[in-house]
Amino acid sequence: MADVSFTVDGKKLTAPAGTLLIDACRAHGIEIPAFCYYPGLSLQAACRMCVVRQEKVPKLQTACTTPVAEGLVFTTESPEIAQARKATIELLLGNHPLDCPVCDAGGECELQDMTFRYGAHESKYVEIKQHREEQQWSPVVFFDRPRCILCYRCVRMCGEGMDVWALGIQNRGAGAVIAPNKQDHLECEECGQCIDVCPVGALTSGTYRYKTRPWEMNHVSTVCAHCGDGCKTTLGLKRADDGMEIVRGDNRDKSGINGDFLCIKGRYAFDYSNREDRLTKPLVRQANGELAPVSWEEALEFAGKKLREIRDAKGGRAIGVIGSNRTTNEEAYLLQKFARSVLGTNNIDHHRTADYATFAAALKGNADREASLRDFAAAPAILLLGGDPTEEHPGLAWQLRSDVRLNQARLYVVNHELIKLRRQAKAFLEISQDGYADLVSFLSGNGGALSSNEKAASFREDLLKEESVLIVFGPEYRGKDIEALVKFGMGFPKAKFAILGDYANSRGAADMGLFPDLLPGYVPVTAAGTFAEEYGEALPAAPGLDLVEMFDAAGAGDLAALYVVGSNPVSRYGVDASALKNVFLVVQDMFLTETAKLADVVFPAANLYEKAGTVTNTFGDIQLVKKAADRAGVRSDFELIVRLADRMGADVKKLVPFGRGGVRADFGQTRGAQSGEADRHQVWLTAHHIELKASPFDPFAIFDEVQRLVPAYDIPRMDLLTGNDQHIKTELVQIENTGSRRDLVLPSKDTLFTSGTLGKYSAMLHSVMESHTRKTAETAAD
Amino acid sequence: MPSLVSHPDEVKILSRRFGQGAADIEKYLEMDGYKAVQAAIEKGPDWIIAEMKASGLRGRGGAGFPTGMKWSFVPKQSAKPKYVLVNGDESEPGTCKDHLIFLHDPHAVIEGTMIAGLAIGSKLGFIYLRGEYRYLLKIVEKAVADAYAKGFLGKNIFGTGVDFDIVTQTGAGAYEVGEESALMESLEGKRGVPRIKPPFPAVVGLYGGPTVINNAETIATAPHILLMGGEAYAKVGSERNGGTRLFGISGHVERPGVYELPMGYNLKRAIYEVGGGIRGGKKLKAVVPGGSSTPVLLPEEIDIGLDFDQLGKAGSMLGSGGIVVLDETVSIVEFALRTISFYQHESCGWCIPCREGTDWLKKSIGRIYAGGGMEKDIDNIRYLAENMMGRTFCPLGDAAAMPTLGFVKKFRQEFEDYVNGKARSETPLLQISGAH
């Protein structure tokens, strides 16, 4: 729409014609207060707080429903308007319990803020306030009716935003009340979005309520540890006896790629971090066969010595390494460097959840064709093949729904199940579970079984009319099917692609070379040139054993040691735990997992919320994770790898190139984060690569190297450090042909209420009834 | 069936079939029934709208918007179907005129609906009856069925090739759905809460289609206008207020009832002549001229013509034509409490000023009435009502605030008497006030 100019409080402003006055004003820094207005949700005009004076109009107008037009003149603040707003607040406070001193929202409450701004200090009534008992709607959602101001944000967020429609309004007039879908409780996706948008303390979180006051927390914005979407989550930290405890996850910071959204996992499933049964002391298996806590000195010395002996006696081929989907890029990179240059083995792998390698190869030469999660916010058309984003990628599902709702995007969905997103689809095509390859063939015009299917024909016809399409596909596509799909997609004038993998850094694990045959950036181990040069070691030239082969080798007595970092391979489908009987097993983990129980040495590891670094979501968006929580006794996987290398007698300076000038920068790991203040000088130095990395445990020391050796990761650091997501920028892949690679992809098919092995340790995820009524994940993975 | 009243001053246009058995289609046909719609089919939409404009008919629901103009706003071309919607959600206390129309002359509503449909190019009309008028549904449904049986409704009506259907629906018992957009929500099966305007119903109405929505009396008047001619109809009334209107005179008069009087008829005469004067020879205390939401008039203010403009000038409203006469025995405080109790009960709760405002007004007035009032309560009531005026999402808030303001301004002394213990109710505090 063309711009129009209009006047607000004597200032000439311009905005596209039809823009709502409240939005136009906000864009120009004029804030008009509102309770019911919420960007992206339908208009209500119910709270009457945004009233303004429009010239030549007799009544005050609501800014949330008034579109701007040429020449209009508005007043947004005047005694008359202030009085109107004050009167509205007085009415709200009439029945409000004013229990601010104990209310979760106290200090973060829009009603408090508005009362402060417009003043409604006098209580005009003597009647008893309307009281209703607080209700628990689910383990994570509580409702306190007297605090509710009936802005209907929750109702709309649940319905329009989440497509769940679990909240409604009962009764009328002064008796009107927000009500859950099942009389006295909720059955929903338990996302807590209703709590997030609640301007007051009416909806509160079961995991957070009455734990602290907002101002007693530190707030650290980091990336969710669960699925592969990489949503930004703001953690609220409170001091505990043994460190900093996470008491809240929310979405205060709407700047993330998830926009307004967080799912149940991002919002609540941090509770594993605070568990009592977390490992906080190193464990070493004793002569009696029991694991017993020992000192760090003893455990490191024991593991280092033993690994060195095995390497020296049997060579690197006798050692295997399994990395994680949930460690940082720096840790994954360091782990493979450690494996190849210190242990001398290519026997390194991780639990693969999507075929990133083939995807990267298929896009070779077209790296700009990979879609960022941000691209989904405004894409005109999207083709979703396989997967079930509502369950497995709730952040993506949110973006898809929002794009359809707000931009009238055309969503084409193909699936073998009636996935929920079909409700937003312009066209939905149900195919058989093994029909995904045939589908691409059909879409490409090669006929096949679908040719006689009328629905498929019209689906194809509509789809091919699109010019610009985002093609996003689930783990149903691997190997040559991905190649065929990308080839088909390239037929559109403008197409971008996205592959769906499971966990917070599944993509990073692949990009950082946790493969027996591929180095970071998908460089074949057979062409290790620059890496060998940089590492200053002769790297093993032949591809090593993959995850399944390592267990086979262990069973056959050919594997003497296995180093498992943040992974639980024993729980993976088809893996025989008894194969590890005679293997020296070192495990780094938060808990005594199925794998850790078998270990000879277990190191208590920090989780993703307890360290700094970067992670890459499944769309190739790189983000900074910041150290938020802290638990006495645990160490980051990064530190543990370095210490182990040190005990093995490796040159730590070679492994982590620290101490090369400048002062220390550790992503704010040791200060800044805890004090809540950003160290701007540090940020500047780090952004310009001129800081001193004085510590061998400094992830940025290794990030320099990643940026040098994996060109795709050479992104602007300043943007990263200031909390923005950066999409992989250049061609990632250096391999040509992936057809001969073995398909080890095993998606875990998590639901909204599972999260691999990590999810097992979240009591909250188990506590919601939906986690019992829905199907469980198929394989546990990391 | 309530007995009908009559007075020589009446000009019976709309009510001429009342009491004649015209709910029966044969009787209706004898009394010029379905002639107007056939003329309308023959002469076309432009003629209909021209006659309606000439008639000076203004909406009988209460707002008084010129009907012909409303019909002319509907776009000629529309991708979505157009609808006619009859608002029979008559709920304003003091008003019981539509009730009589449905009871005595349901075919007039059907015929009027068809005429409106022809005027705007719609093929489907809805007659929406107030939930509490469920017992009238039988009568209306029979009339509709009879019209179908005669071929007046359905495909090819009167053999003219024109199609028109009518659907009936009752509400679930909410005053609020008398507001046109809330009525549409209700008809669509949703909560009866008003919509944001614009867009207005003429552009985006029922099911998103252009919609004409009119009060049942307005619709039932349309056939008469076409029969007698717009200009002739206009001449019956006063300036810019064409025709007649059904006035419900209730309260302390000798002969309460619904009378069809010309627009502009003198209010004082309506009470003392038509209504037979104050019951039992008592003194007049106050008059609510147009349904409970209109500000009260004092005895010295009632020498005034009953039309939209004259009452507007006097600081009140013609509203829905429900004249409530209060004699000297009435406690204004109690009457104010009854009035606000109604609006408190009927507020849909959508917006803050109405939802909370009506509740606090009821509580405060209730407390004063029960003897627990304080001096500042009276000013608080004024403050509250003034801050509701013009601030609410729909006119219900105004409808609650306006009369309250009128009572407090014109009868402040009575409120003070209650506060000072000079007057008090027999009912204990807990049973009256909102102290729950």
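All chains are named by letter (A, B, ...) in the order of the sequence lines, taking the proteins before the strands, and each is independently numbered beginning at 1. What's counted below: heavy atoms across the whole structure, side chains too, no hydrogens, waters or symmetry copies.
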Practice task
May I ask you to say whether B:Asp359 pairs ionically with B:Lys362, meaning some side-chain N is under 4.0 Å from a carboxylate O?
Solution key: no

Completion exercise
Under 4.5 Å to a heavy atom of chain A? For B:Tyr343 that would be neither

Problem - Check ion pair B:Lys313-B:Asp307 (N to O, under 4.0 angstrom) - result: no

Handout entry: Region of A:Lys124 in contact with chain B, defined by heavy-atom distances below 4.5 Å
Key = both

Problem - Toward chain A, the part of B:Glu176 with a non-hydrogen atom under 4.5 Å - result: neither

Exercise for the section: Verify the distance criterion only: is there a donor paired with an acceptor across the side chains of A:Tyr125 and A:Glu90 at less than 3.5 Å? Expected result: no

Exercise for the section: Report the option among B:Arg195, B:Glu346, B:Arg355 that has the most heavy-atom pairs separated by less than 4.5 Å from atoms of chain A. Expected result: B:Arg355

Practice task
Check whether the side chains of B:Glu92 and B:Ser293 place a donor and an acceptor atom closer than 3.5 Å, and report yes or no.
Solution key: yes

Handout entry: Salt bridge A:Glu122-A:Lys86, side-chain N to carboxylate O under 4.0 Å
Key = no

Practice task
Identify whether the distance between the nearest side-chain nitrogen and carboxylate oxygen of A:Arg153 and A:Glu110 falls below 4.0 Å.
Solution key: yes

Handout entry: chain B-proximal positions within residues 33-51 of chain A [heavy-atom distance under 4.5 Å]
Key = A:Leu43, A:Gln44, A:Ala45, A:Ala46, A:Cys47, A:Arg48

Completion exercise
From the list B:Glu386, B:His345, B:Lys197, the residue making the most non-hydrogen contacts under 4.5 Å with chain A is B:His345

Handout entry: chain A contact via B:Met374 - side chain, backbone, both or neither, heavy atoms under 4.5 Å
Key = side chain

Problem - NZ/NE/NH1/NH2 to OD/OE distance under 4.0 Å, B:Glu185 and B:Arg191 - result: no

Handout entry: Geometric cation-pi criterion B:Arg130 and B:Tyr133, 6.0 Å radius, 45° cone
Key = yes

Practice task
Select one option (side chain, backbone, both, neither) describing which atoms of B:Asp379 are under 4.5 Å from chain A's heavy atoms.
Solution key: neither

Exercise for the section: Examine the side chains of B:Glu334 and B:Tyr369 and answer whether a donor and an acceptor come within less than 3.5 Å of each other. Expected result: yes

Fill in the blank from the handout: In terms of heavy-atom pairs under 4.5 Å with chain B, the winner among A:Gln61, A:His131, A:Arg172 is A:Arg172

Practice task
May I ask you to decide whether B:Asp309 forms a salt bridge with B:Arg58, counting only side-chain N to carboxylate O separations under 4.0 Å?
Solution key: yes

Problem - Pair A:Asp9-A:Thr76, side-chain donor/acceptor within less than 3.5 Å - result: yes

Problem - Residue part contacting chain A, namely of B:Lys376, when any heavy atom lies under 4.5 Å - result: side chain

Completion exercise
Whatever's closer than 4.5 Å to a heavy atom in chain A on B:Leu396 counts as neither

Handout entry: Residue pair B:Ser181 / B:Glu179, side-chain donor-acceptor N/O under 3.5 Å
Key = yes

Practice task
Pick whichever of A:Leu60, A:Val126, A:Thr65, A:Thr88 has the most heavy-atom pairs under 4.5 Å with chain B.
Solution key: A:Val126

Problem - B:Thr358 portion near chain A, given a 4.5 angstrom heavy-atom threshold - result: neither

Exercise for the section: Considering only heavy atoms and a distance below 4.5 Å, find which of A:Asn171, A:Thr62, A:Ile169 pairs most often with chain B. Expected result: A:Ile169

Problem - Row check, B:Tyr207 ring normal vs B:Lys80 NZ/CZ: under 6.0 Å, within 45° - result: no

Exercise for the section: Could you tell me which of A:Ala84, A:Ala176, A:Pro58 has the largest number of non-hydrogen atom pairs under 4.5 Å with chain B? Expected result: A:Ala84

